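Following: one structure in structure tokens, then a few remarks.
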Amino acid sequence: MSTESTQSNPEDAYRALMRGLKELNLQYSSVPCDLVLTGDAFPLVINSHGHILAAASVYGRGRIVVLSHETYLTLCPALVKNALAWLGGGESANLSLGVQKKRRAVADNLNRSNYKVSLMEDFDKDHGVRVYVTDAYEVGAKAGELIDFMKAGGGLLIGGQAWHWASQNENENLILEFPGNKVAGVAGIHFSAKYGKAEKLPIYAEIPSSWKAIDCGMNFKEDLEVLLKGISDLDIQGGSIGSVALVHGSLAFSICTTDKGEAFLAGTYYGRGRVILATHESFLQYEKLAAFWKNAFRWLDQGRNGVVGFDPNIQTLPNLGLTCETTEFRQDVSVFVCPTYSDIDAETIQNFVAEGGGLVIAGLVWNWASQNRGQNPMRDYSGNKILNKMGLSLLKETVTAGVYKTPDPSQVNIFHFRPLLHRLAGHFLEGGELTEQDEEHLKKLGADCASFLMMKAYDRFSYTQILSLLTDILKKVGVPQVNEQTSVKSPKEHMLLSLATDVYDASPNQQELLPYIMKVNPLPVVKNQQIKITAQTGENEEWISTGLYLPPGLKTKIILPLKLVNSGWKIQIGCQSDELHKEELWRAPYVIKIFPVASEKMQVWNMWGGLVYLLAPRDVQVDEEEVVVQEAVSAPYYKSGVTKEADWSSLRQAPAPWAEMEFDNIILTVPSHIVRELERPEEVEKLWNGIMKGVADLAVIPQKFIRKERIVADVQISVGYMHSGYPVMMHSTVAKRILDAEYIRTNGLWGELHELGHNQQRSCWEFPPHTTEATCNLWPLYINEQVLGVSRAKANDVTPEFRKKTIKEYVEGGKNLDDWYTWTALETYMELQDKFDWDAFKKVFAIYHKMKTYPSDNGGKMNLYAETFSKVVNMNLTGFFKAWGWPIEQATVEKLSNLPPWTDHPMAQYS
């Protein structure tokens, strides 16, 4: 037996198997069947209808080749000769070959001098053969021995079709009971009842692929009828939040989904065994699911009445109808139940199922993903290492708890990844029709494709087949070109735009693919740019600008200090960090790319291009560490204290399309054409240094921010006209004004300061949702009046007339606190400011900075604010706050009873 590893590259195996072959002429032959592939199996021959007529795979240390009709064993002598050599480990000379007697013609075709041929009534392991040749009909009784033979390093060549057997055994399970499937199935090759078309077929240089082979057309109606017998709905309410399952295998199916098509229970065949995936382990304990689990364990047991072994970390319901034991994994159980975070070797579990075992695997991945940022849950999570090969995966997206109707067993494929992708491919590649229902499901399909591609399983045909198809779609159809003038609206365009990034990132031939996605204008690059990195972060991650830009598709290497490796640092390409979920798009939904720093030399890229950043993790301090970017494009970049005035005229002409102005406490990122017109950056610097000093003054925080604020302009943002965060996002169409010092000093600034105010809001003195869009406006009020010298009326039409109208409407509405929000709520604070000036607010904020505990409810926080403000101004303000409808408690009134009351407050006239 062979002792060498047989897990060779499928492409190498394919070349060996098809060496010297130009075509196979099968057009006058018998009717073959279509082969269905899973696991490590890959096709050798696919006809024009997408039928797989020959395939190969590995199992254990052995190999297998399957031909989809027994006549091909003699009709294709050159293929058989190559197959025997490959099955024998690459050697044909003196190969010890066993041939089942009914296939004597195979032996007669061979040059006997090259083989030691033994004609065998049935397989006999004691003959010591290296390769065994048989048809698919005589192997059932010897299936166990043949599997052991293959595991130990033997080679199997099997020919046959299953459509005739299926017609004679309509009540039998073809996947499990057809003799050939009992052997070939463990290696992921399954004979189906579907007729194959015999044709004259070309032989390709690489493993063939066809969009028509994506949907294998398998029917799981009978399985669902067994699993869902007596069940009309499945209730997953119970406090546990499950992950979503991706059902992507040829023999996989969803059992029940949410109304959005998110699977939370799924099943699959794998070899001779079966699998049930539950996307939370607590589902095994739900009494409401007891009937389902009784059905499921019987289905998994396959009539053996064996033992169900439960991993010690899994709890379940009693009385499931089979003998249950708590045990570590062992081979002699009929069904094993384990969590997705199991540390059992993935291949051990896969082989257990392939050889007939039943598996329930339960758990979620979203929690793991949140705790392991930078890792790939599709590839790195233990559960997916087990499941991916079986045609199921866990996604980091979560399922909404609810009660969901069980599906019609005949409609199980409605949300299935493969059939929907098959129809989409037919539409894009050959003009096939998409139903209205298909159009509705495109968004989900796009997300599923993105998740699937994250597996990066390049050694598995089931992965490369779909990657190849998606690549073909992009090459044929192209990607919608979106910009400030052109948007996309249709579901198909949405999907193509989203898909472009995912396919590009997964593609092994990115440079070849890029021209089909976008037109790239070459920009002059600079080489080996040395960047000094200084960072002292607090409780938040910080972007560190490099002043460099990476054009679309350009790959570069970045050399980093060892202390930054595997310590939370990242490289980010792109500044437009908003992920868009819009019906109309002016750019791709996600256009940044992040690489965790895992080595001293990192290769990075972004299909969309983008400014280059180092992302410093929280609570780190580095000083003047050198980073080298080997190839990039210079961006217009101004930095306070570094950029010399004399150099600016040339720096602002740098060719990158995005520019940054970095001042003492803020960094502004805008399209480069804006700064190319900026002749006096020092005026803008002075302006923004003053603005940010004002932000700090009112917030009573240090003048030097721990993390500089950022404002980034974008053609489209996730929500609103602008929004707060890190960075503050704004539309690029109005970005010019934030660098126009004269305009701002004359007319004031509001929206940007409103968002910076949001960043200063603190939960202890916020009463959401009432003040969410109100107290942030204290900052534009303060900065316009105290820093810019612009009245609130001029800055944003906050006129006396507007204020009176606001109060009148609130009072006439009954001073209902539900109506106290935005401008109405802001009026309360403006009246306090009118009376007590800004110093009172600063003192109040300073006190809050020192508070270690405070109420969590709005009522408690409002009473605390009334008390705190009253003590700061040495006046009892409870009457004022009551007049505004605040729920001031008697205890608060009594606490402040020694202070003089504010009796002439502006709301007194409405009391």
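Everything numeric in this text was worked out from a predicted model, so none of it was measured.
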Donor-acceptor under 3.5 Å ([X] side chain, [Y] main chain):
{"X": "D135", "Y": "R103", "answer": "no"}
{"X": "T71", "Y": "S30", "answer": "no"}
{"X": "K151", "Y": "G60", "answer": "no"}
{"X": "R63", "Y": "W86", "answer": "yes"}
{"X": "H427", "Y": "G432", "answer": "yes"}
{"X": "D34", "Y": "Y195", "answer": "no"}
{"X": "Q100", "Y": "K102", "answer": "yes"}
{"X": "W163", "Y": "V31", "answer": "yes"}
{"X": "R130", "Y": "G88", "answer": "yes"}
{"X": "Q350", "Y": "I386", "answer": "yes"}

Heavy-atom closest contact ([X] atom, [Y] atom, distance):
{"X": "A105", "Y": "T74", "result": "CB-CG2, 3.5 Å"}
{"X": "P43", "Y": "Y14", "result": "O-CD1, 4.0 Å"}
{"X": "K197", "Y": "N47", "result": "O-ND2, 2.7 Å"}
{"X": "L67", "Y": "A54", "result": "CD2-CB, 3.8 Å"}
{"X": "L26", "Y": "A198", "result": "O-CB, 3.0 Å"}
{"X": "G160", "Y": "C33", "result": "O-SG, 4.3 Å"}

Looking at [X] and [Y], does any basic side-chain N land under 4.0 Å from a carboxylate oxygen?
{"X": "E512", "Y": "K475", "result": "yes"}
{"X": "D12", "Y": "R15", "result": "yes"}
{"X": "D40", "Y": "K389", "result": "yes"}
{"X": "K444", "Y": "D448", "result": "yes"}

Please check if atom [atom1] in [X] has more than 12 non-hydrogen atoms from other residues, nucleotides or ligands closer than 6.0 Å.
{"X": "K555", "atom1": "NZ", "answer": "yes"}
{"X": "E222", "atom1": "CD", "answer": "no"}
{"X": "R304", "atom1": "CZ", "answer": "yes"}
{"X": "H164", "atom1": "NE2", "answer": "no"}
{"X": "E23", "atom1": "CD", "answer": "yes"}

**Asked** Between E355, K182, E177, which is the residue that forms a side chain to side chain contact (heavy atoms under 4.5 Å, CB included) with R272?
**Response**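 Result for side chain to side chain contact (heavy atoms under 4.5 Å, CB included) with R272: K182.
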
**Fill in**
Which of D215, D438, L445, I214 passes side chain to side chain contact (heavy atoms under 4.5 Å, CB included) with R423? Answer is D438

**Prompt:** Between F220 and F253, how do the two ring planes meet: parallel, tilted or perpendicular, split at 30° and 60°?
**Reply:** parallel

**Asked** What is the ring orientation for Y72 with H69, classed by angle as parallel under 30°, tilted 30 to 60°, or perpendicular over 60°?
**Response**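 Answer is tilted, since the angle falls between 30° and 60°.
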
With the side chain counted from C-beta on, respond yes when [X] and [Y] share a heavy-atom pair under 4.5 Å apart, and no when they do not.
{"X": "N219", "Y": "K221", "answer": "yes"}
{"X": "T348", "Y": "Q331", "answer": "yes"}
{"X": "N351", "Y": "Y59", "answer": "yes"}
{"X": "V133", "Y": "L84", "answer": "yes"}
{"X": "V45", "Y": "I52", "answer": "no"}
{"X": "C449", "Y": "M495", "answer": "yes"}
{"X": "I276", "Y": "I255", "answer": "yes"}
{"X": "L110", "Y": "L97", "answer": "yes"}

Let me confirm one number: the [atom1]-[atom2] distance from [X] to [Y], rounded to the nearest 0.5 Å.
{"X": "I189", "Y": "L37", "atom1": "CD1", "atom2": "CG", "answer": "6.5 Å"}
{"X": "E436", "Y": "H441", "atom1": "CD", "atom2": "NE2", "answer": "10.5 Å"}
{"X": "Q27", "Y": "E199", "atom1": "CD", "atom2": "CD", "answer": "8.5 Å"}
{"X": "W211", "Y": "L470", "atom1": "CH2", "atom2": "CG", "answer": "14.0 Å"}
{"X": "I207", "Y": "N9", "atom1": "CD1", "atom2": "CG", "answer": "7.5 Å"}
{"X": "L474", "Y": "F428", "atom1": "CG", "atom2": "CZ", "answer": "9.0 Å"}

**Partner set under ring-ring contact (aromatic ring centres under 6.0 Å, His included) for F452, not counting sequence neighbours** =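 ring-ring contact (aromatic ring centres under 6.0 Å, His included) check on F452 returns H248, F417, Y463.
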
**Message:** For F149 together with F123, are the ring centres under 6.0 Å from each other?
**Reply:** yes

**Asked** Going by distance alone, is a donor N or O of one side chain under 3.5 Å from an acceptor N or O of the other, for Y269 and N181?
**Response** no

**Complete:** Residue pairs meeting side chain to side chain donor-acceptor pair (under 3.5 Å), one or both in residues 449-460, sequence neighbours left out, come to none

